[in-house]
Every structure is written in structure tokens, then in C-alpha cells.
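Structure record follows, encoded as C-alpha cells.
Sequential numbering from 1 along the given sequence is applied to the chain's residues.
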Amino acid sequence: MTGARSSAVESQELKDLRAAVAALGQRHGRGHDREVLWAEAAKLGYLGVNLPEEYGGGGGGMAELSIVLEELGAAGCPLLMMVVSPAICGTVIARFGTERQKRTWLPGLADGSRTMAFGITEPDAGSNSHRITTTARRDEESGGWILTGRKVFISGVDIADATLIVGRTEDARTGSLKPCLFIVPRDAPGFQRSQIDMELQAQEKQFELVLDEVRLPAESLVGDEDAGLLQLFAGLNPERIMTAAFAIGMGRYALARALAYARERQVWKAPIGAHQAIAHPLAQAHIELELARLMMQKAAALYDAGDDMGAGEAANMAKYAAAEACVKAVDQAVHTLGGNGLTREYGLAALITAARVARIAPVSREMILNYVSHQTLGLPKSY
């Protein structure tokens, strides 16, 4: 667990990728420079490993991309924007974008020279995506679109060239609103951002967005206007898989720090790791992280095989399991170090807050339990 260990379910090619990324992570580590690491990971082909080869990617899938993020996280240098830029935005554009959109965006997303953020969450909608109020209407003069609305807790907008915004358009046949995806350039007139003051310590900042009559050309719409929901979920499943990878990597990092400490720290006659009160909770944390990884691998395999329905169920379960395992691993790591676990020197205290992010975003654990209750177990809805 402390190094680039992999399970027997992975091919030799995936094991080699895991070892190579782990080596990259070890070179950069906890005190990494995000831009330098991003550039090197891109140069080595890791950022775009899931994108099509004809557009500069590695031709792999979520199995490969999740390994990259997990191993970087396990080394203490996770790249949060990997969840958003290549996994969500790159996947959606690769699957549903026009040829022009693919050639405009995918090579840059693959080589790291361009980054894209993703905007779905709104202040009043919460977990209810049906209450999204960001709307897009046709611009009768230009034939393009006019977007109006607000978004909140959007990562990395300041370092992104554009944001893939989830809006809603009116169905001419029914009059009801349907979700659609739009590429909004960072410098688009009327597209405003303000940074949210977060307790969470992260290099990627969080923003609230205001779209005030943002005018976009017709080609800003990604994919088919009538297939918005399908396209949206094509991006949300990778998001859950990558959030699981992020959480597993963080949990592994915390556990490795605790194990090193437990092997060396001696209070009585033996290292504290010899005592079962210390050893057993760490063993449990390891088991739960391994189990979460297996579900993540299943979700990635289903998604890469084109089974969106099966991947949706597995991705939700993987995200849930990884978040719970991460929180427990971090908590036990801090507890193992005692007072040292709260010092800046050991770098664990900040993870107490960071670990909870996976429980909350991109969907809360309660909503995942709702999903499993309804979709998997066939129980009636309460809402």
C-alpha cells in the first residue's frame, strides 16, 4: 500500500503504468509545484491517457486515467483538475462533440496546454439537478445562444481556458426544460467569477460564477440538443470514478505516513505498531481502501466497455466506498501520530478537511444511498 502496488485484476500494461506514475509522484511529492507537475505529467502522456489517439491522447480509458490520479495522490501530489478537464470535459467532447470541437479542444486537453472546468452545481439547486435555473435561449440575430444563470463551487475556473456549463433549453415540442452542455470561454463578456473563501487548503480554488446574458456562437453547444441528459451522465460517471481515485490516493498517502511512524515510534519496549490497538485499525483501513479500489476498477472497466448503465451503479458505489475508506484512513493516521498528527511537519492535519470533500462532492453519500435504494434495490422514492 505504501508504494505502487496493484491488484491481480490489472494487466501488466496497467501495472507498468501504475509503477511509472508512482515514480513520477515520488519525484514531486507533498511539496510539489502544481504547474511543473501538470506539465511533466502531460509530457509523459498521463493527462490525456483516456483521450482518443487521433486527437493526441493515449487511446486508453478510465482504467488508465484513474490509476494516474490514484498514484499521484498516494505520493501526496494529486492533481484535482484531472477529475474535471480530461475525465469529464474531455470524455464528453470526445464522445459527443463535433469534429471541430474535438480538434479545437482534445489535443490541448491531452498535452496539458489547455484546461477546461465544469459547471453544474447551483446555489439553490443542490442535489436536485431538475432545479437548475441556468438557461440558454436562442439568439435570433446570430443563431447562437444566450446563457443566464449562476453556478457555485466550481473548481479551477481561474486556470481554465473555458468552462463546460450545464444549462437548460426549452423543448419546442413540450415546453419543458432539458439539460444541455455549452463551452464558455473564460473571457466571454458577461461571464464573471468570484473566489469562494474556503477553509479547505487546496491549490485549485473554488468559484461562484455569474452568467449575465453571455452570448455564445451556435457551435458552443456540445452534441445533440435533444440528448443532453445522456451526454451529461457520460461525464458524471467518469467524475465519480475519478473522485474515487482521488480519495483512494489520499487514503493511501495518509496510511503510508501512519505506517512509517508506527514502525519507528517507540514509547515502551516495542514500536507502537506492534500493539494491536494501533495495528488493527491500520489493517482495517488498508482492507477498506483495497475494497474501494476493486469497485473503482469495476466501474472503470464497465465504463470503458461502453456499459453506461452498469458503470453508473458501480461508479456511485465506488465513490461512496472510497470516500468512507479515505475518511477513516485519514482519521486513523492522525490518531496514530497523536499530537504529531496535527503538526504541519507531518502533513496529515490538512487532510482531515480534504478527506471529507469526497463524501460531499460531486454528490453526497446520502444521494448515492438514494440511488442504490431506488435503482439497485427497487425501493420507492421519498421525493
Side-chain angles (χ1 to χ4, degrees), residues 1-5 22 25-26 28-32 34 69-80 83 155 197-206 242-293 295-296 318-362 364-366:
M1 206 66 175
T2 56
R5 296 176 60 182
Q26 290 299 323
H28 288 266
R30 175 184 160 202
H32 69 285
R34 184 202 169 277
L69 184 57
E70 180 194 339
E71 289 302 329
L72 291 178
C77 49
L79 293 172
L80 176 62
V83 178
S155 303
D197 189 15
M198 304 287 290
E199 285 280 0
L200 177 67
Q201 296 180 20
Q203 295 193 48
E204 296 85 0
K205 307 307 179 186
Q206 299 294 311
M242 291 295 284
T243 301
F246 188 86
I248 292 167
M250 187 188 304
R252 285 179 53 197
Y253 175 79
L255 182 58
R257 303 286 284 185
L259 290 173
Y261 189 87
R263 292 187 188 107
E264 298 173 2
R265 173 69 167 163
Q266 190 167 327
V267 178
W268 307 113
K269 293 182 179 181
I272 61 173
H275 302 297
Q276 291 172 344
I278 299 293
H280 284 185
L282 295 177
Q284 287 176 316
H286 171 79
I287 290 169
E288 290 173 12
L289 287 168
E290 285 288 299
L291 292 173
R293 179 200 272 171
M295 183 54 76
M296 180 185 73
K319 187 268 183 189
Y320 178 95
E324 297 303 301
C326 177
V327 169
K328 292 179 182 179
V330 168
D331 182 72
Q332 192 57 46
V334 171
H335 197 66
T336 299
L337 271 68
N340 283 327
L342 299 176
T343 65
R344 193 178 300 275
E345 175 186 357
Y346 285 92
L348 290 176
L351 300 185
I352 297 173
T353 305
R356 297 201 68 87
V357 172
R359 273 183 170 173
I360 299 168
S364 71
R365 59 179 177 176
E366 288 74 22

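When the shell of 6.0 Å around NE2 of H335 is examined, it contains 12 or fewer heavy atoms from other residues, nucleotides or ligands.
Of all the heavy atoms in H28 and C77, the pair that sits closest is CB-SG, 4.3 Å. In terms of heavy atoms, A318 sits closest to A244 at O-CB, 3.7 Å. Taking every heavy atom of both residues into account, N340 and T343 meet most closely at O-OG1, 2.7 Å. Closest approach of G273 and I278 over heavy atoms only: CA-CG2, 4.2 Å. Across all their heavy atoms, P78 and F246 have their closest contact at CB-CE1, 3.6 Å. Nearest heavy atom pair, residue A254 against residue A329, reads CB-O, 4.3 Å.
The CE atom of M295 sits 9.5 Å away from the CG atom of L291 when rounded to the nearest 0.5 Å. Taken from CD1 in I287 to CG in L282, the straight-line distance is 11.0 Å, to the nearest 0.5 Å.
Side-chain contact between E70 and M296 is present, with heavy atoms from C-beta onward closer than 4.5 Å. For the pair E71 and R252, the minimum side-chain heavy-atom distance is below 4.5 Å.
Legend: residues meeting salt bridge (charged side-chain N to carboxylate O under 4.0 Å, His left out) with E324, ordered by chain and number and at least two apart, are R359, R365.
Residue S155 forms a side-chain hydrogen bond (donor to acceptor under 3.5 Å, both in side chains) with just one option from E204, K205, Q206, and that option is Q206.
Under a 3.5 Å cut-off, the side chain of H280 and the backbone N or O of A277 do not form any donor-acceptor pair. The main-chain N or O of K269 is found under 3.5 Å from a side-chain atom of Q266 such that the two form a donor-acceptor pair.
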Item to check | V334/Y346 under side-chain contact (heavy atoms from CB on, under 4.5 Å): CA gap, chis, key distance, verdict | outcome: CA-CA 9 Å; V334 171; Y346 285 92; over 6 Å; no
Checklist entry - R30 and Y253: side-chain contact (heavy atoms from CB on, under 4.5 Å), yes or no, with the steps? => result CA-CA 10 Å; R30 175 184 160 202; Y253 175 79; 3.4 Å; yes
Donor-acceptor pairs under 3.5 Å, side chain of residues 348-356 to any protein atom, not counting sequence neighbours: which ones?
none

